[in-house]
Chemist: 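I have a structure here, written as structure tokens, and I will follow up with some questions on it.
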Amino acid sequence: MTQVLTVDPASPDPGAVAHAAACLRRGGLVVFPTETVYGLGASAFDPAAVARIFAAKERPSTDPLIVHIAEASALTTVAARSPAVLVPLAARFWPGPLTVVLARGPAIAEAVTAGGATVAVRMPAHPVARALIASAGVAVAAPSANRFSRPSPTTAAHVLADLDARVDVILDAGPTPIGIESTVLDLTGTRPRVLRPGAVTLEMLREVLPDVVMDRTAGPVTGPMPSPGLLGRHYAPRAPLTLYTGDPAKRLPRIVEDVRRLVASGRRVGALAAPSAEKALQDAGATVVPLAEAGDLEGTAARLYAGLRHLDALGVDVILAGSVESETGLGAALADRLHRAAEDIVRV
Ligand code: TXA
Ligand code: MG
């Protein structure tokens, strides 16, 4: 049985938090909100509990987990050492949506790091996550609380759709504010590398780390993965998604044309679009989930995964979406997630 406890996102009920924390200490699985997406947590020091995370998600054991801490002092229990640059990084970006990859500490369960020598660490900003980790008194290993390869959950309803009866407690604090996963920054190499773009952008990181680079070779899904190609479609809806890139002026007419063609051939078509494009797409026969206007990257990120899940729940056969125009700031993270969710990419 999964117990759902509704809590206030800004000041969660201490009783509910203590109950969930005790569950973590006993080796249970607790789903909790972070400012990015919901996480599926277990004690990072408890190998059996960590094994349950992989089983609940049906996640391959080769994909390592992020360890969540509430205080910088916990770093000594998690990492073997931390580079000097982590001090200004943490001062600027923690708590917040930045995950750093460090040398792994010996107390961390081996399954957390997929047997690797490095560990990903993050200090979330969400008051519920902070209260839970502090109350548990352990570091919390937590991937996003979705079944493997599904879009990350931004509400407790998304979590229940994927993991009901597979987790012990869900702390439901409403929608998560950012809506896409944290930036993953590898600090173990000769040069700092962004492995997964997120709300802490490359431009922001450059202010602290002038030599930081975006890893375009490994791709955002990283870790000791023998064949990243196995993870081709990730964050993906059940219905195949076609992503339209290229000239923004030509994009909407092309999507409208494709919606008409698909509808005429008997397909149920879903579309993710700016509110200003909703009517044209509806008139063509699509079920439209409005995200946000093109320039509103925060609004788009906050609604993206809920939109994909909503169209899946409606049972559409295909989903069409335009990519983001800006690849700076949060645009890089959004473009990354859209490309990973896509089965086809059409350049117009
Ligand atoms: O925002 C987030 O990061 C959310 C919330 C719950 O904190 N968590 C999350 O976890 O997205 P997950 O497991 O869905 O994604 C973690 C990513 C994966 O791409 C994984 O391969 C990478 O971080 N990762 C974990 N440990 C790593 C390591 N030691 N080295 C390189 N990449 C690592
Ligand atoms: Mg995930």
Side-chain angles (χ1 to χ4, degrees), residues 30-42 44 50 53-54 56-70 78-80 93-105 108-126 128-130 132-133 139-154 158-159 162-163 171 176-189 192-200 215 218-226 228 230-231 233-236 301 305 333 336-337 340-341:
V30 173
V31 172
F32 59 97
T34 78
E35 69 278 27
T36 58
V37 300
Y38 275 82
L40 166 54
V50 172
I53 292 180
F54 286 90
K57 281 191 60 126
E58 298 171 28
R59 175 171 172 128
S61 60
T62 47
D63 196 5
L65 310 180
I66 296 173
V67 175
H68 297 68
I69 58 176
V78 170
F93 300 113
W94 277 1
L98 175 68
T99 297
V100 294
V101 175
L102 305 171
R104 172 186 160 219
I108 293 294
E110 217 170 276
V112 168
T113 66
T118 62
V119 63
V121 188
R122 124 165 162 87
M123 189 193 292
H126 197 296
V128 176
R130 289 176 66 73
L132 174 69
I133 300 162
V140 177
S144 51
N146 51 283
R147 293 257 193 124
F148 180 64
S149 92
R150 301 268 300 136
S152 293
T154 58
H158 299 160
V159 176
D162 280 15
L163 299 175
L171 293 175
T176 56
I178 294 175
I180 58 174
E181 307 81 358
S182 63
T183 305
V184 178
L185 173 69
D186 185 357
L187 295 176
T188 63
R193 281 183 314 153
V194 171
L195 304 178
R196 178 175 74 182
V200 172
D215 192 320
V221 175
T222 56
M225 185 67 67
L230 288 175
L231 293 180
R233 269 181 88 210
H234 210 72
Y235 312 105
Y305 289 150
D336 169 77
R337 302 311 190 277
R340 283 181 173 278

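Start at 1 and go down the list; that is how both ligands and their atoms are numbered.
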Chemist: Please state which part of Arg104 comes within less than 4.0 Å of ligand 1, counting heavy atoms only: side chain, backbone, both or neither.
Modeler: neither
Chemist: Where on Thr36 is there a heavy atom closer than 4.0 Å to ligand 1, on the side chain, on the backbone, on both, or on neither?
Modeler: side chain
Chemist: Which ligand 1 atoms are under 4.0 Å away from a heavy-atom of Ile66?
Modeler: 3 (O), 8 (N), 9 (C), 10 (O), 16 (C)
Chemist: Just which atoms of ligand 1 are under 4.0 Å from any heavy atom in His68?
Modeler: 5 (C), 6 (C), 7 (O)
Chemist: Which heavy atom in Val112 sits nearest to a heavy atom in Ala44, and how many Å separate them?
Modeler: CG2-O, 3.9 Å
Chemist: Working to the nearest 0.5 angstrom, can you tell me the gap between Thr99 OG1 and Asp186 CG?
Modeler: 12.0 Å
Chemist: How about Thr36 and Glu181: does a side-chain donor come under 3.5 Å of a side-chain acceptor?
Modeler: no
Chemist: Under 4.0 Å, heavy atoms only, figure out whether ligand 1 is touched by the backbone of Arg193, its side chain, both or neither.
Modeler: neither
Chemist: Under a 4.0 angstrom heavy-atom cut-off, which atoms of ligand 1 come close to Pro143?
Modeler: 10 (O), 12 (P), 13 (O)
Chemist: Please could you name the atoms of ligand 1 that Thr118 approaches to less than 4.0 Å, counting only its heavy atoms?
Modeler: 28 (C), 29 (N), 30 (N)
Chemist: Are any of the N/O atoms in Ser182 less than 3.5 Å from those in ligand 1?
Modeler: yes
Chemist: Tell me whether Ser144 has at least one N, O or S atom under 2.8 Å from the Mg ion (ligand 2).
Modeler: yes
Chemist: So for ligand 1, is Arg122 a polar contact partner (N or O within less than 3.5 Å, distance only)?
Modeler: yes
Chemist: So which of Lys57, Arg59, Glu35 gets nearest to atom 13 (O) of ligand 1, if we judge by its closest heavy atom?
Modeler: Arg59
Chemist: To check you understand the geometry: which heavy-atom pair defines the closest contact between Leu185 and Pro192, and what is its length?
Modeler: CD1-CB, 4.1 Å
Chemist: Salt-bridged, Glu35 to Arg122, with N to O below 4.0 Å?
Modeler: yes
Chemist: Identify which of Val184, Val31, Thr176 has a heavy atom lying nearest to atom 23 (O) of ligand 1.
Modeler: Val184
Chemist: I'd like to know whether CD of Glu110 has more than 12 heavy-atom contacts from other residues, nucleotides or ligands below 6.0 angstrom.
Modeler: no
Chemist: At the 4.0 Å heavy-atom cut-off, does Asp63 count as touching ligand 1?
Modeler: yes
Chemist: If you take all heavy atoms of Ile53 and Ala141, which pair is closest and at what distance?
Modeler: CD1-O, 3.4 Å
Chemist: Strictly by modelled atom types, are Ser149 and Arg59 linked by a side-chain donor-acceptor pair under 3.5 Å?
Modeler: no
